[in-house]
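Just so we're on the same page: letters track the sequence lines, and every chain starts at 1.
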Number of protein chains: 2
Amino acid sequence: MRLEDEIKQPTFQSEAHKAYLNVVYTAGWLGQRQMAAFKPYGLTSPQFNVLRILRGQHPLPATVALLIERMLDKTSNASRIVDKLEEKKLVTRTVCPANRRAVDIRITEAGLRLLRQIDEDEHANPARGSLDRLTAAEQRQLNTLLDKIRA
Amino acid sequence: MRLEDEIKQPTFQSEAHKAYLNVVYTAGWLGQRQMAAFKPYGLTSPQFNVLRILRGQHPLPATVALLIERMLDKTSNASRIVDKLEEKKLVTRTVCPANRRAVDIRITEAGLRLLRQIDEDEHANPARGSLDRLTAAEQRQLNTLLDKIRA
DNA sequence: GCAAATTTAGTGTACCTACATTTAATGTTG
DNA sequence: CAACATTAAATGTAGGTACACTAAATTTGC
């Protein structure tokens with residue numbers, strides 16, 4: 001759907017301004033769909049993303065610093081997201097023996113089971129599926145353009 | 001900068017998945033820059049966006065419903081954003097005489113002055129300027145691709 | 001070897017989003 | 001016109017982001 005119609009704005013100052021609003025609006029649009037998709041599993045998007053990073057490390061632990069490095073949102077508060085996951089018994093936290101400042105965070109069996117269940121549900125992530133509306137060439141083009149914005 | 005490097009992930013499941021992450025990551029990247037740019041003026045991004053909508057309506061009032069319709073984030077809580085702007089005397093709220101359920105929201109002179117000041121500062125919005133790294137043709141291409149994602 | 005700097009997490013506060021619920025005014029309809 | 005439904009905004013609560021600050025462990029440098 002055209003951005004003009006979605007935010008009821010018939011014209012924009014410039015194509016650049018429209019592109020700016022379009023990136024921000026589209027990310028929000030995708031984010032809302034992702035949030036709704038994870039809700040049945042009792043997870044938020046940031047919680048899901050942290051769990052995925054931990055699965056990627058498994059069976060090695062991750063530290064808070066490693067999570068931040070790999071998260072989409074660098075300023076998100078990984079500590080508090082891990083708090084929520086720990087309350088739900090999806091991760092464990094233990095002081096790192098080699099460096100007692102750091103904390104070893106590990107995904108639990110329950111966490112792995114939950115991710116497996118989400119993976120198996122084809123409808124679990126309609127947000128990611130939206131990208132299939134683009135051809136492979138268009139997806140590459142989009143990646144190139146976005147990388148260029150952040151040059 | 002390449003997404004791979006920004007989130008320290010050497011490969012992705014698919015080009016579609018990478019494109020998905022790229023849209024979300026780039027929007028966050030732009031959002032952080034916008035937020036930092038408005039900070040010196042004591043505004044947050046949603047507050048700025050609401051002020052701009054109100055200036056667009058000026059001297060006519062807007063209702064909360066109209067703000068939501070035009071905001072980038074449809075589920076944001078316009079009422080509470082208007083609360084903050086009202087505290088700062090940048091907008092006024094009066095019960096709409098024609099429909100006493102609705103509230104007429106208007107930008108004040110102080111609000112108009114603040115927006116003028118931000119407009120005049122060329123460095124006020126580095127986020128929007130990032131889009132100038134794309135050529136006009138690329139900006140159009142990006143808009144087309146993003147609109148297609150939300151088809 | 002010890003004082004100072006740095007690193008690693010965690011905390012406090014303000015603001016925001018997501019979503020359900022509430023309150024009041026207005027429409028609708030038998 | 002009274003009962004019910006709908007509309008417009010506000011509120012309550014849980015979780016998240018932005019950013020400054022704190023506390024503890026470790027590293028660095030004299």
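For B:E86, the side chain to side chain donor-acceptor pair (under 3.5 Å) partners two or more places apart in sequence, or in a different chain, are B:R93. Not counting sequence neighbours, the partners of B:E69 by the side chain to side chain contact (heavy atoms under 4.5 Å, CB included) test are A:K8. Residues satisfying the salt bridge (charged side-chain N to carboxylate O under 4.0 Å, His left out) criterion with B:R150, sequence neighbours excluded, are A:E6, B:D147.
The CE atom of A:M35 sits 12 Å away from the P atom of C:dT17 (whole-angstrom rounding). We find that CZ of A:R100 is positioned 14 Å from C1' of C:dA9, with the value rounded to whole Å. Distance A:D104 CG to C:dA9 P: 9 Å, rounded to the nearest Å. When the C1' atom of C:dA9 is taken as reference, atom CD of A:E86 falls 13 Å away, rounded to whole Å. Distance B:Q32 CD to D:dG16 P: 17 Å, rounded to the nearest Å. Atom pair A:I81:CD1 and C:dG10:P shows a separation of 12 Å (rounding to whole Å applied). Residue B:L72 contributes atom CG, which lies 14 Å from atom C1' of C:dC16 at whole-angstrom precision. Atom-to-atom, CG of A:N49 to C1' of D:dT17 comes out at 14 Å; the value is rounded to the nearest Å.
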May I have the list of side-chain donor-acceptor pairs in residues 44-53 of chain B shorter than 3.5 Å, sequence neighbours left out?
unit_1: B:T44; atom_1: OG1; unit_2: B:Q47; atom_2: N; d: 3.3
unit_1: B:S45; atom_1: OG; unit_2: B:Q34; atom_2: OE1; d: 3.3
unit_1: B:Q47; atom_1: OE1; unit_2: B:T44; atom_2: N; d: 3.4
unit_1: B:Q47; atom_1: OE1; unit_2: B:K88; atom_2: NZ; d: 2.5
unit_1: B:N49; atom_1: ND2; unit_2: B:S45; atom_2: O; d: 3.1

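Residue pairs meeting the side chain to side chain donor-acceptor pair (under 3.5 Å) criterion with at least one partner in residues 95-105 of chain B, sequence neighbours excluded, are B:N99-B:R101.
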Please determine whether side-chain hydrogen bond (donor to acceptor under 3.5 Å, both in side chains) holds for the pair A:D73 and B:Y25, giving the CA-CA distance in whole Å, both sets of side-chain angles, and the decisive distance to 0.1 Å.
CA-CA 7 Å; A:D73 191 326; B:Y25 180 79; over 6 Å; no
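Using a 4.0 Å cut-off, no side-chain N or O of A:R101 falls inside it from OP1 or OP2 of C:dT8. In this model, the phosphate group of C:dA9 is approached by a side-chain N or O of A:T63 to a distance below 4.0 Å at OP1 or OP2.
Nucleotides of DNA chain C nearest to A:A36 and A:A102 differ in position, and the one nearer the 5' end is that of A:A102. Both A:N99 and A:S76 lie close to DNA chain D; mapped to their nearest nucleotides by heavy-atom distance, the more 5′-ward contact belongs to A:S76.
A donor-acceptor contact under 3.5 angstrom links the side chains of A:Q57 and A:R70, judged on distance only.
Nearest nucleotide to the A:P46 side chain, out of D:dA9, D:dG16, C:dA25: D:dG16.
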Contact pattern, 5' to 3', of nucleotides 10-15 of chain D - B, S or - by protein heavy atom under 4.0 Å:
BBBB-S
